[in-house]
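For reference, the structure is listed below as structure tokens.
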Number of protein chains: 4
Amino acid sequence: MAGSTFGKLFKITTWGESHGKGIGVVVDGCPAGLPLCEDDIQVFLNRRKPGQSKFTTPRKESDTVEILSGVFEGKTTGTPISMVVWNENQKSKDYSEIASYYRPGHADYPFDEKYGFRDYRGGGRSSGRETIGRVAAGAIAIKLLKQMGISFLTYSESIGPVCIDKSRFDAEEILNNKLYMPDATAASEAELYLEKLIKEKNSCGGIIYCEVNGLPVGLGEPVFDKIDANLAKAMFSIGSVKGFEIGDGFGVATATGLSNNDSFVMAGASRKPIKTSNHSGGTLGGLTDGAPLTMRVAIKPTPSIAAPQHTVNKSGEDIDIEIHGRHDPIIVPRAVVVVEAMAAITILDALLENMSSRVNRIVEFYK
Amino acid sequence: MAGSTFGKLFKITTWGESHGKGIGVVVDGCPAGLPLCEDDIQVFLNRRKPGQSKFTTPRKESDTVEILSGVFEGKTTGTPISMVVWNENQKSKDYSEIASYYRPGHADYPFDEKYGFRDYRGGGRSSGRETIGRVAAGAIAIKLLKQMGISFLTYSESIGPVCIDKSRFDAEEILNNKLYMPDATAASEAELYLEKLIKEKNSCGGIIYCEVNGLPVGLGEPVFDKIDANLAKAMFSIGSVKGFEIGDGFGVATATGLSNNDSFVMAGASRKPIKTSNHSGGTLGGLTDGAPLTMRVAIKPTPSIAAPQHTVNKSGEDIDIEIHGRHDPIIVPRAVVVVEAMAAITILDALLENMSSRVNRIVEFYK
Amino acid sequence: MAGSTFGKLFKITTWGESHGKGIGVVVDGCPAGLPLCEDDIQVFLNRRKPGQSKFTTPRKESDTVEILSGVFEGKTTGTPISMVVWNENQKSKDYSEIASYYRPGHADYPFDEKYGFRDYRGGGRSSGRETIGRVAAGAIAIKLLKQMGISFLTYSESIGPVCIDKSRFDAEEILNNKLYMPDATAASEAELYLEKLIKEKNSCGGIIYCEVNGLPVGLGEPVFDKIDANLAKAMFSIGSVKGFEIGDGFGVATATGLSNNDSFVMAGASRKPIKTSNHSGGTLGGLTDGAPLTMRVAIKPTPSIAAPQHTVNKSGEDIDIEIHGRHDPIIVPRAVVVVEAMAAITILDALLENMSSRVNRIVEFYK
Amino acid sequence: MAGSTFGKLFKITTWGESHGKGIGVVVDGCPAGLPLCEDDIQVFLNRRKPGQSKFTTPRKESDTVEILSGVFEGKTTGTPISMVVWNENQKSKDYSEIASYYRPGHADYPFDEKYGFRDYRGGGRSSGRETIGRVAAGAIAIKLLKQMGISFLTYSESIGPVCIDKSRFDAEEILNNKLYMPDATAASEAELYLEKLIKEKNSCGGIIYCEVNGLPVGLGEPVFDKIDANLAKAMFSIGSVKGFEIGDGFGVATATGLSNNDSFVMAGASRKPIKTSNHSGGTLGGLTDGAPLTMRVAIKPTPSIAAPQHTVNKSGEDIDIEIHGRHDPIIVPRAVVVVEAMAAITILDALLENMSSRVNRIVEFYK
């Protein structure tokens, strides 16, 4: 039952339902002395909030964050940072119908089987709104990591069949289009594709790419807490994720040792070993290897569609349904910041744990 | 540093290096009363042990398991089950050369950066032999799950470019060929491909498929401990894994809601809801949905190859190397049972945690 | 840093400072189907809220709890239950003076050393108000345990030198006097003693007794998660606790095996083994033994006193201070419900984990 | 079930039964670079091994430790350190009788109720031999802490009614007498008392004192992971412990704020705040305060006594028994090193976690 906490040293616990009083998170283990205010968080929440375009739910939510604890005189104190976003637009419809049946692609049926009943309003705890807490916590991690020169590059790599063209890659463009794609042309094509889907009362999926730069070498713990393993869990804990890759991912299945191994060379003024390629995606043996950490996440199509579907109701009858209401035809663009947030939380946690890897560094630290 | 423990209620802790005294695991939280003897474990270890064919390392190891605690009068007692496999063939060569440089595709460099030095004998803790402890623990989980009608189907889906042909699928065949493929024809083609690679002093990767049948509905915990998330971590904690999918995996990126949603119908004598398709791979909202749990794992090519490669040594010089010694041209076949073991451990843990999901069931349990 | 979470399956995370916006708790892992409303919580919070008598701080707080998530249609859903008590009376004084020095008996100095600075308003995170979250979570655990016939008897055993007289023990009396003592005479004596202390600008400590009845045999996990060990941690995590005993506690140091061992006899209609004495306090080998679980907790005197004390300030000067403001001359009475809450949380967690102790019971559960 | 692991970053997992093949521990999270060999461990194990005097069990065990992993070229590698002590003298008697009944003061009855049966040979997992793993792990923690100037002073403060006289305190004496008392006179008196008990086929308890010097200020995490709380759990996880105190312990119950508060003064060349007294026992608000950490642990009399006792057997009959065989009339002396080991493990873990308390220190660490 206790599945709402993530992390070991930098630890987050989320709570809240789509149509409850609000959505929140408690961040425990945030180091003291980080300058922090609500604006630092809000800018990230705004990247996932609804109503940004015709491709996101029309549900009206300002998603304004409030910090309830853990910050004093503008800095984190080292004690739990409790944050909440109050739901504003939750009492908008009658749920008696939706309560009666199991929506295809949704958690309705497993929830009833597991708990005996469920909060059926807007998906309850399974709603995408649950990710608000992750983004708020991730904003803190990202701000702290930035102080150490660690930065993130995250965007929509593909929307349905429309994939970006690397030759047109433009990081500036990511925040210029509503789909968070680094390729204006692909973004336009994707918009046309989405408009067609909306007409067809259908939805689609896509792929999110995330890259982390500036990482120290050696983050992650061998065996079960490999940085790869913790990132995989972080990403698969996001609703609708069905696939995850690091580096060349499934491409390694058809590669050979010769083509897949990254050679080392001595480089730079500091004469440190660096890799001449990055098929590994920045990890070797579960530890960061100095190259950018690269990941790809596959997101399934929004299961809520207005087109007719077959399912069963709680009375055990086979029925046909049409799900109306406020749904995104595509989750990918709003999930981009969620992926970035989960990556940051995982990496900060690994960074803190890695401090105790060597006796001499510990002795030095306490001198 | 503490990355060698996995699981919450059914908890395993592994130890040991490739060329140390042995490899072991402590299984804590195994319920009491399970009949268990060394043979129950050995049959699984034999599926991953070396020297099975010309496609695995010639290193001579019987990989004989010894149970040191937790079993009394032929049954588990509920206390920790400590198991060990003593290394028999570890003093086989001079490692002074390999100690001096960083092998491409290996963890040598990150280990030195993280810990200041490393046990360079055969990869030390990063060796594939570390998985012995996982397989031994998984054998226990599989035996317990079998009592509940939960079974596993795991095999090599592809070896390099050679993929099985579903029309020729034959479960019986899996244990008949050295590559653990359910398709004799594909297995033969793959063997020819591997012989060619061996001549070229090269190696290749592949894909492992794992399916779990007979699961109750509702296993997994919403949000961070989704069954998907814990399985993703379990698989990515296995060395050489670079990609993981559940159900249609990356295929969902180009699917639509209409094509990807699985419809429910009432079926069977028990008139329970079942799905007419399984794009979801047996999970909805992070909980099992009654359909078979299906996963795919991408394994990279063995990084140790005899062909010449460029790298650097600890003195900071650029050098060319050839890695000789005892290496598998392909890891996939021996990793099949490791994937199955990690899946079983993860599922048993979820099954135990799920027991506390409903107040009335708890009250009933203690009556 | 991440020290604000307690429990494994029934897991609580608290947040908030004395003079922040509020104090809260997230209860994750509460089984689904428990009828729950704010009144169920409030009755417990009222037992610790300030302003109950001249022996508690005059700070005006209604300590009204609000449930923000996890409850739907009057029952727990199995998802996180977020609860908050908003601070009402926090902006009552100027803290610049108190911010400048280190109060004897308080955490001021260690906090500054650990975090670089501190929220000095009313003790910040170290304030007794932090226990509000524990009591709110404990109220849920107690309600669930009640359904299984598990009950608690908790009271002030001694206030300073005034100890209850077992011959006058009256459980009814506990809620009749402001000191929560089961002995009206002792309570009156203690009140006189406290009045004297108040005149002297001094404070005192005392002992809290807690007894748990109706427990199944076998709760707790051998070795590190003994029920004794988890209760000891639970109690010592409460501010001001300096001693803990189970059963005869320190009395065993001068006892002998003959006097300390509890004999078993067959008894009752069910002919089960029961003990003829309870020196062990209801645990053997870290597991409940069927007898009432008995504990004693020693609470130190309130460190905040108006009498003159010597200390140092942040400028490194030796100074004399007098701490004025709103302080309890005795913490014990208000801590009684906190001890009960922590005991309940610990026991419920052990009860849930114990469900997976036997294979046959697990198989039966999932049939 | 999973109660055999302790610690968060410096994490130990113990296994083994009194009469199984051996007793072991896996230490995961030990920082790399600590010089370590078996002698470093053996010296601590020798302090608890049997057969040291007529006051300990005559069971013949050399308790020789073997390191199986995690050490390379004489230094810890950062990977799990697996250690084992093989049981040499476990097949010494017929247990059929002891298997049939429930010994008073032992865990026999709760174990049968929890697990359905038990390993009844010499107490199985509940045997005092389980502490061997703790001592071996503690030896590593103590060696690492010594490098940071952190030292331990642990001894028997009282044996039954015989308490040491502080005026005769002599640290040198502790290892000179078999009872580990820092007072030769008290040790002699205690020996006479024990000889009398042995004649009477009886046993007794006592108190162990532990003091830790040289700790940095601020170790421990506020709220649930207070250093006090984790130490309380560590001590109560040791079999036979029934009471725990920090500083003045239960004495605070009758103290006043004026007498119990420790004043600060500026002192030393470094002009740091220090306390002029140490009623708090070195902790304030759950964090170390710069003064010595002082603890007292109450140990119950050995439950195994040869004198006649009443109990019941598994057939549900009331019977009288006499427990013969190899038992200590007193556990205290051998438990002294166990208490020291658990204290060291707890403190090292807190020390590692404390490294992530401040942003600026983390940024500095990674520069």
Side-chain angles (χ1 to χ4, degrees), chain A residues 3-4 6 102 104-105 107 110 113-114 116 125-126 161 202-207 217-218 221-226 228-229 232-233 236-237 242-246 249-250 252-254 256-258 260-261 263-266 273 284-285 287 289 298 300-301 303 305 310-312 316 318 357-358, chain B residues 3-4 6 102 104-105 107 110 113-114 116 125-126 161 202-207 217-218 221-226 228-229 232-233 236-237 242-246 249-250 252-254 256-258 260-261 263-266 271 273 284-285 287 289 298 300-301 303 305 310-312 316 357-358:
Chain A
S4 295
F6 184 81
Y102 298 137
E113 285 292 306
K114 186 182 186 74
R125 182 70 174 148
S126 297
N202 205 348
S203 65
C204 77
I207 293 172
V217 176
E221 305 304 322
V223 190
F224 299 113
D225 289 340
K226 288 181 166 77
D228 323 48
K233 172 167 179 156
F236 259 96
S237 75
K242 303 304 286 186
F244 178 67
E245 299 182 318
I246 285 190
F250 278 84
V252 301
T254 49
T256 69
L258 268 174
N260 189 65
N261 283 350
S263 295
F264 286 100
V265 294
M266 296 308 292
L284 286 171
L287 311 181
D289 66 12
K300 77 176 186 179
I305 52 177
H310 185 83
T311 190
V312 302
D318 284 83
S357 62
R358 293 194 201 188
Chain B
S4 295
F6 183 81
Y102 296 138
E113 284 293 304
K114 186 182 186 73
R125 181 69 176 150
S126 297
N202 205 347
S203 64
C204 77
I207 292 171
V217 177
E221 305 305 322
V223 189
F224 299 114
D225 289 341
K226 290 181 166 78
D228 326 46
K233 173 167 177 157
F236 259 96
S237 74
K242 303 304 287 187
F244 178 67
E245 298 183 319
I246 284 189
F250 276 86
V252 301
T254 50
T256 69
L258 268 175
N260 189 64
N261 284 349
S263 294
F264 286 100
V265 294
M266 296 308 293
R271 300 290 299 155
L284 287 171
L287 311 181
D289 65 11
K300 77 176 188 181
I305 52 178
H310 186 84
T311 189
V312 302
S357 62
R358 293 195 202 187

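These values consider heavy atoms only, across backbone and side chains, with no hydrogens, waters or symmetry-generated copies. Letters A, B, ... are given to chains in the order of the sequence lines, protein chains preceding strands, and every chain is numbered from 1. Note that the structure is predicted; figures quoted are calculated from it, not measured.
The choice from B:S263, B:S126, B:G285 that makes the most heavy-atom pairs within less than 4.5 Å of chain A is B:S263. Ranked by non-hydrogen atom pairs under 4.5 Å with chain B, the options A:D289, A:L284, A:V217 are led by A:L284. Between chain A and the residues B:H310, B:K242, B:E245, the largest count of heavy-atom pairs under 4.5 Å involves B:K242. Among A:P104, A:G218, A:P161, the residue making the largest number of heavy-atom pairs under 4.5 Å with chain B is A:P104. Among the candidates A:A253, A:A107, A:G243, A:G105, the residue making the largest number of heavy-atom pairs closer than 4.5 Å to chain B is A:A253. The residue among A:V223, A:I207, A:D225 with the most heavy atom pairs within less than 4.5 Å of chain B is A:V223. Of the listed residues (A:Y102, A:F236, A:F264, A:F224), the one with the most heavy-atom contacts under 4.5 Å to chain B is A:F224. Chain A forms the most heavy-atom pairs under 4.5 Å with one residue out of B:L258, B:T254, B:I305, and that residue is B:L258.
Interface residue B:N260: only side-chain heavy atoms are found under 4.5 Å from chain A. Heavy atoms of A:D228 lying under 4.5 Å from chain B belong to its backbone as well as its side chain.
Nearest heavy-atom pair across B:R358 and A:E113 is NH2-O, 2.7 Å. Counting all heavy atoms, side chain and backbone alike, B:L287 lies closest to A:P110 at CB-CB, 3.7 Å. Of all heavy-atom pairs between A:M266 and B:G316, the closest is CG-O, 3.0 Å. Nearest heavy-atom pair across B:P273 and A:V312 is CB-CG2, 3.8 Å.
Between the side chain of B:S237 and the backbone N or O of A:A229, no donor-acceptor pair lies under 3.5 Å.
The aromatic rings of A:F250 and B:F250 sit perpendicular, their planes meeting at an angle over 60°, well past the 30° parallel limit.
The OG atom of A:S357 sits 7.5 Å away from atom CD of A:E221, with the distance rounded to the nearest 0.5 Å.
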